[in-house]
Every structure is written in structure tokens, then in C-alpha cells.
Novice: 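Dropping the structure in here first, questions after.
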Amino acid sequence: MQISNSLILLSLLSSLILCSSSSSIQESEAAIESLLKRLDSKRSPASVQEAAARGVLQRLLPTHLSSFEFKIVSKDGCDGRSCFRISNYKSSRRNSPQILIEGTTATEITSGLHWYLKYLCYVHVSWDKTGGIQIASVPKPGALPRVSDNVVIIQRAVPWNYYQNVVTSSYSYVWWDWERWEKEIDWMALQGINLPLAFTGQEAIWQKVFTEDFNITAEDLNDFFGGPAFLAWARMGNLHAWGGPLSQNWLDKQLLLQKQILARMLELGMTPVLPSFSGNVPAALKAIYPSANISRLGEWNTVDADPRWCCTFLLDPSDPLFVEIGEAFIKQQFKEYGDITNIYNCDTFNENSPPTDDPTYISSLGSAVYAAMSKADKDAVWLMQGWLFYSDSSFWKPPQMKALLHSVPFGKMIVLDLFADVKPIWKSSSQFYGTPYIWCMLHNFGGNIEMYGVLDAVASGPIDARLSENSTMVGVGMCMEGIENNPVVFELMSEMAFRSDKFQVKEWLKVYSHRRYGKELHQIEAAWEILHRTIYNCTDGVADHNTDYIVQFPDWDPTLHSRSDLHQENQMQKIPGIYRNRRFMLHEISSPLTQPHLWYDTQDAIAALKLFLDAGNELAGSLTYRYDLVDLTRQSLSKLANQVYLDAISAFQNKDANALVVQSQKFLQLIKDIDVLLAADDNFLLGSWLESAKSLAVNSDEAKQYEWNARTQVTMWFDNTKYIQSKLHDYANKFWSGLLQGYYFPRASMYFSHLSKSLSEDKAFSLEDWRKEWIAYSNEWQAGTEHYPVKAQGDALALAKDLYEKYLR
């Protein structure tokens, strides 16, 4: 009888939980529907959106401007959802358009245009830095292919297609002008992105808020803001002043740029996500408001906790001043930009755990953060990155998660399941306990250049999540730290916003390769079959952060460990944790020498490269082919270099001086040869990054500062001492011509010279001597002003063939 009563109680409890969950989901769905209607009411008039869509067409395919007709339609014609419709234009007039594309917003129209061009004209649209567009396959005006089914209707599977990570602005966008931003927004519109993060220029808003309302001086803000290349981490309270100060010229120009960005996003029917107050405040605020609950955070990846840039100040959300500052910030954005959105990003608790795990306290903090938004915008919705639930899972257990997620009214918070492509949180959190979420692909760390992907997971994950029981998924998103890499991954992920059913990735790739290169070639199709099951099918659960030895040279003393100590598995350890207060920064288990991530058989990749080379005569003039050929050759050689490095270390440990010379020279020659290969494609040049930084300067002092920022971010990253390198060195490493020859080569050369000296003089290897030498070299290089090429030199196909014969055959 007792067992029976227990079962009844358990059944009743389960029913109550299910009813509660179902009720919260219904509340959230109603709130999201209300939000969508409000956002629809903020959109630009139909005529403005249609003109904006035509502008995208004109910049993409100016010869066919009269071939298409665009029209905004209501959601009523799409079962109440966002959609686009493609049909044959019906007219008896001569020279009339051939194709009619209708959409519920301009972004739906441009998505429909892209869909038509992709699947009827075999067009490919990529970033310029990954080969650009392929439009040679488009028939002449008047000869465009007709829509065979009279009309193609594609609905969004979920309302939103989100874009950007809070650090993308530093790793990728930092040196962009309006010309580059216009291209990016066009790309976004063609990919169907309708919920982009819009973080540019926020320092100018903070300057006005703090100086006008809270008695902070401009000098105080010099210590608060980071330098241009490090703004993302200053915004998050990880550091202050590093790389700064910001000039008034920078602040004013970035604010003007943000207004241009927002204007174009709005014209295209997008909903920008604006920043909000997370609690990060200038040090001077503590003196001005001595009774405020302001605490100093611990150090974040510094080598010696130098107060010049370490240990920022956080205003507790429970303090009344928090709401006051948060309200002032959003109101200032209203003043500058108008009433353009209801969605605001805030990540107060990302790798910055609350002082107690008491759910009641956590709930009060969450309520206070939301109050700072809603007091200025009564319809505010809090968009929060869900990374904390993964990176700090030991703290954020179910009671703490629920307390935070339920601290605001249902539907007033949307969570980004930031790492859903590899480590989805929705599965283990009862769909974020009824809170709406966006299924996101993280994919890239530090803007590293590495061919990598999880295509099968990308193609199935969002569909599985959306169709799961009690799903609270409301969007898909791309949250990479850096862009302009792996175009196949980003194109597939973008398409998932419009994919309702499962499909064969293998067949999709056949069409993709046809579109990307403008031709059907059996060698290329076969190569992509190999790439699909190897490089682009990582299933080991590891976040891919490029740690190849060329770009992240090991800092260790091999005399302290035998060869048997080395990890023999050719893969990094699965991510066990995060540095204290470290945002989006992964680290490996402490070990003598961690192996770079390797999740596929390198011989398979070399076989794919051989097929690419065999197609070279057919595709020699294709920029997309050239990019992929260089990238695949680079990857194959870099993985080879990892083994060569280990062979050199083994020779040293065996006291074989001759073998050490042979293997170390081979490693150094690989760096030189890869540098020459990369120099043959405009998209792998250090000079472009440096010149874009200097181009934003208005005087020599700014040019020097911006170049230092640009050089430092991709090398040492953060502070160092004479003998201790930055904890973040090489985090944002790049395979760029100029960087290999000018930075990675000297560093490796110095190290091997010290190893050789140790053997020839029969003395202990001095790791400290090497560190002193290369750190001094690095700091000198960071402050350098020597020029690097901005135009490609050499024949990429010929170089790739030669290197294949030299190293890989």
C-alpha cells in the first residue's frame, strides 16, 4: 500500500511538473508571438524595403536589375509565418521582369533571390576573403531559367536567424569601414539573417552616459575603454585600458558607422540586437558613489595582475544604481538611433559567477538586470548567451539555472544555446526550463584559420531540436568568434533557417561544389565526398581551436619528459575547464606536450588535395577554387609539420644532433614554403589586416597605436614579462603570409637553435633563455612598422603542385 501511495504521489508530482512546464511554454509562445508583432510594426515601409532589396541585387548582379521584380507581402499569405515566394513574372510587355520574388520582409526577398540564384542558376555567394562570389553561371538577361512549378514557397522553420558573437566585433570587424560593412550586410541579407548583433560604436554612447549623467571624466574613461582590437573584452569586464586609449576621432567615427549599419539593417527588415548594461563600470565610479555596491573582480589571464589593465569593477545588479545606469544607457541609444528594437544583449554572469549559489539571490539578480532594460523599454527582451551553463556547469546546476531563467517574465528572455553544434544545452535542461532559445553554431575560436566542421550535426541538429517534445526553440544562429573561413559551413548553417525536413548532406555538397566553382567536375565531387566524411565531420566533441605547432609553438622543456610522456593520440584533450573569468577561451589539460587537434586521417585529406590538383587546369581561373586549394594545401602541410616537430623533439631527447638538424630544418622550411603558398592568394595576407587598421587613423600616433593593436591581437594578445609569455599568446593565431615568415619562423628558429646548442655544448637546455629571447623579439615585432604585401604574388596552382610533390606524395 505504501508503494502504491508513493507511485500515486510520484505520478501526481510528474503531472504537476509537466503541467507547469506546458504552461510556461504556452506563456512563452504567446509572449514571442506578441514580440514578433511589435517588431513587425517597427519595420520600414514596404517601398523602403523593396528598394533596399533592389540595392542588394544591384551590388550583386547589376546586369540583371530589370530581370527581377520584388514585392513585400503580408504573413497572411504564408500561414502567418515569414516566407518568400518565387514565381514567373506574368506580363505580356516586352522587356518585363522574368522572375517575381515576394517576401514578408526585404530579408525574405533577398533570401528568395539567393535561393533562386543558387538552385536555378548555380550561383555561389561567399565572403571576399573566402573566394568571393561565383556568378559566371548566370544566364544573360532575358534567358533566366523559369520556375518549373509556377511558384516556390519557402517558409522560415523558426522566426529568427541570429548572427554574431560578442567577440566577433574584435576578431573580425574591428577595422571595417562602411564599404566593408555594406558588403557584410548584403551577405547577411542573402543568407536570411534577420536578428544580427549590433555592437559597433557603443563606447560613444557610454561616453555620453557616464560624462553627462554620472560625473565621470574623459580621462577616467581612458582607463575604462580598451584599445580598438580589445574592445570586446573591455566591454565584458575582462580587462581595461589594454591597447588604449580611444581617441575622440575613434569614438565619433564608430558612432557614425553604427548609425549607417543600423539604417541599412532596418531598411532590409532586420531586427538589430543592441547592447545593454551588464554592470561593468569605470573605477572612478566607486569614488563618486562610495556607498554603491561595487566590487573589484579578480585577474583575468594576466601574468602578474598588473592594475594598469587588470581587475575591473562590477556594480552589483542589486544596487539601485545598476537600474539607473542601465536605464540611462538604453535611453541614450533611443536618442541616437530611435525606437528600433526591443531586444537587448546582456551577459553579466558569463564566467563571472554570482557570489552565492542561493537560487533566491540569483533570481533577484536576474530580475534587477532585466529591470535595467525594462525601465527604459517596457517591452524589452533580454537576449543572453547560454555559454555560462556549459563553461561553468559546476555552478549552474538545475536550481540555479531555473532561478536565472525564471527571474524574468516568460517570453522576456531568449537564450542563445551558443555551442549547440557540439555541446547542446537544450537536451539537458528541459529546453531551458521553458525559456525560448536559439540553436547556435559556435564553430570558430579566435578567428583561427583551420578547415573544420560538423556538417552532419549542423544539418540535423536544428531540425531535431525544433521537432523535439515541448520544444522552445525559436531560431537558429551563428555565433563564431571569427568569420571569413570555412564558407561551406556557414552557407549550410544559414540555410537551416529555411530547412524544415532532413536532407542528404552528400547530395547538397554536390550542388554546393557545382555552384562554388561554376562547373561540375567529377574530381571535385569526389574530393568533397572525402572532405565531408573527414575534415568536415568532426565527431569527437572537441571545440576546434587551431593549436598546430607552427602557429602555437610549444613552450616546454623536452629534457624534463621522455618521449613516452607525450600524448600519442592525435587529438586534443576534451575541454575540461576554463581559465578563471575567461570568456570564450579554452585550454587543455596540463601535460608535457598537448597534441594539436586531429580528428581525421591526414592521408584522406591528402587524397582530396590530389583530386583538387587534378582539376586545376579546368578551374585555374576560379578565385573560389584558388582559395580552397591554398587552404587545403596549407592544412595538409601544417598537419605534416606537427609530426616533423615531434620527430625533432625525439631526436633531441635521443641526443641525435644530426637528426635534430634535419628535422628542425624541415620544420622551418615548411614554415617558409607555406608562407610562399599563402602569399599567392590575396585572402591569406598579414598586410591586409595591418593596412586596414592603419587606414582608420587620422594621424601618425593613431596609426602606430592601431598597428600595435592589430599585431598584438594575433600574436602575444595580452601582457607578458621578460620571461613569461602571455597566457593568451597565439589564441588568435592566423595562417597569414608575412606572419609565418616574420613571426612564427624566428620563434621556432630560436628554439631549435637553443636545442642544438644544448647538444653541441653538452649543457642543459635553458627554456628561460629561449623565452627571454623570443619574448623580446615578439614585443619588438608588436611595436614594429615594417610593411607587408597586400597583393598576392605567385601562381597558387603551380606552388600547390610543387609542394604536394615535395612533401605529400
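Everything quoted here is computed from the prediction, not taken from an experiment.
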Novice: Just by distance, with hydrogens left out, do Asp673 and Tyr807 show a side-chain donor and acceptor under 3.5 Å apart?
Specialist: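 Yes, Tyr807 and Asp673 have a side-chain donor paired with an acceptor closer than 3.5 Å.
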
Novice: Excluding sequence neighbours, so at least two apart, what forms ring pair (Phe, Tyr, Trp, His ring centres under 6.0 Å) with Phe498?
Specialist: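 Phe498 satisfies ring pair (Phe, Tyr, Trp, His ring centres under 6.0 Å) with Phe84 only.
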
Novice: Decide whether a cation-pi geometry holds between Arg747 and Phe553; the criteria are a distance under 6.0 Å from NZ or CZ to the six-membered ring centre and an angle within 45° of the ring axis.
Specialist: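 Not satisfied by the 6.0 Å and 45° rule.
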
Novice: May I ask you to check whether His532 and Asp456 show a side-chain donor-acceptor distance below 3.5 Å?
Specialist: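 There is such a pair (donor and acceptor under 3.5 Å, judged by atom type) between the side chains of His532 and Asp456.
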
Novice: Does some side-chain heavy atom of Val158 sit less than 4.5 Å from a side-chain heavy atom of Val474?
Specialist: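 They are not in side-chain contact.
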
Novice: Using only atom types and a distance under 3.5 Å, with no angle test, would you say the side chain of Ser749 pairs donor to acceptor with the backbone of Phe745?
Specialist: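 No; zero donor-acceptor contacts below 3.5 Å.
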
Novice: Before we go on, tell me: are the rings of Trp160 and Trp439 under 6.0 Å apart, centre to centre?
Specialist: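 Here the rings of Trp439 and Trp160 have centres that are no less than 6.0 Å from each other.
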
Novice: Regarding Lys129 and the six-membered ring of Trp127, is the cationic atom NZ or CZ under 6.0 Å from the ring centre and inside 45° of its axis?
Specialist: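 The answer is no, since Lys129 fails at least one limit relative to Trp127.
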
Novice: Check each of Lys502, Lys427, Arg499 against Asp464 using the salt bridge (charged side-chain N to carboxylate O under 4.0 Å, His left out) test, and report the only one that passes.
Specialist: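 Of the listed options, the one satisfying the test is Lys502.
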
Novice: Under the criterion side-chain contact (heavy atoms from CB on, under 4.5 Å), I'd like the reasoning laid out for Ile550 against Ile674: C-alpha separation, chi angles, the key distance, then a yes or no.
Specialist: CA-CA 10 Å; Ile550 287 177; Ile674 296 173; 3.7 Å; yes

Novice: Verify the ring-centre separation between Phe389 and Trp396: is it less than 6.0 angstrom?
Specialist: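 Trp396 vs Phe389: aromatic centres under 6.0 Å.
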
Novice: Looking at the rings of Trp426 and Phe432, which for Trp means the six-membered one, are their centres under 6.0 Å apart?
Specialist: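 No, the ring of Trp426 stays outside the 6.0 Å limit from the ring of Phe432, centre to centre.
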
Novice: Go through the structure and list residues passing side-chain hydrogen bond (donor to acceptor under 3.5 Å, both in side chains) with Ser778, not counting sequence neighbours.
Specialist: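 For Ser778, the residues satisfying side-chain hydrogen bond (donor to acceptor under 3.5 Å, both in side chains) (neighbours in sequence not counted) are Tyr743, Gln782.
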
Novice: Report the residues that fulfil ring pair (Phe, Tyr, Trp, His ring centres under 6.0 Å) with His729, sequence neighbours left out, ordered by chain and then residue number.
Specialist: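 His729: no ring pair (Phe, Tyr, Trp, His ring centres under 6.0 Å) contacts found.
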
Novice: Compute both the distance and the angle, then confirm whether Arg711 meets the cation-pi test with Trp781: under 6.0 Å from the six-membered ring centre, within 45 degrees of the axis.
Specialist: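 Judged by the rule (NZ or CZ under 6.0 Å from the ring centre, within 45° of its axis), Arg711 counts as positioned above Trp781.
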
Novice: For residues Phe230 and Asn238, determine if any side-chain heavy atom of one lies less than 4.5 Å from a side-chain heavy atom of the other.
Specialist: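 No; the side chains remain at least 4.5 Å from each other.
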
Novice: Is the Phe667 ring parallel, tilted or perpendicular to the Phe752 ring (thresholds 30°, 60°)?
Specialist: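 Rings of Phe667 and Phe752: perpendicular, as their planes differ by over 60°.
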
Novice: Going through the checks in order, is the side-chain contact (heavy atoms from CB on, under 4.5 Å) test met by His124 and Lys118?
Specialist: CA-CA 6 Å; His124 175 71; Lys118 282 199 296 188; over 6 Å; no

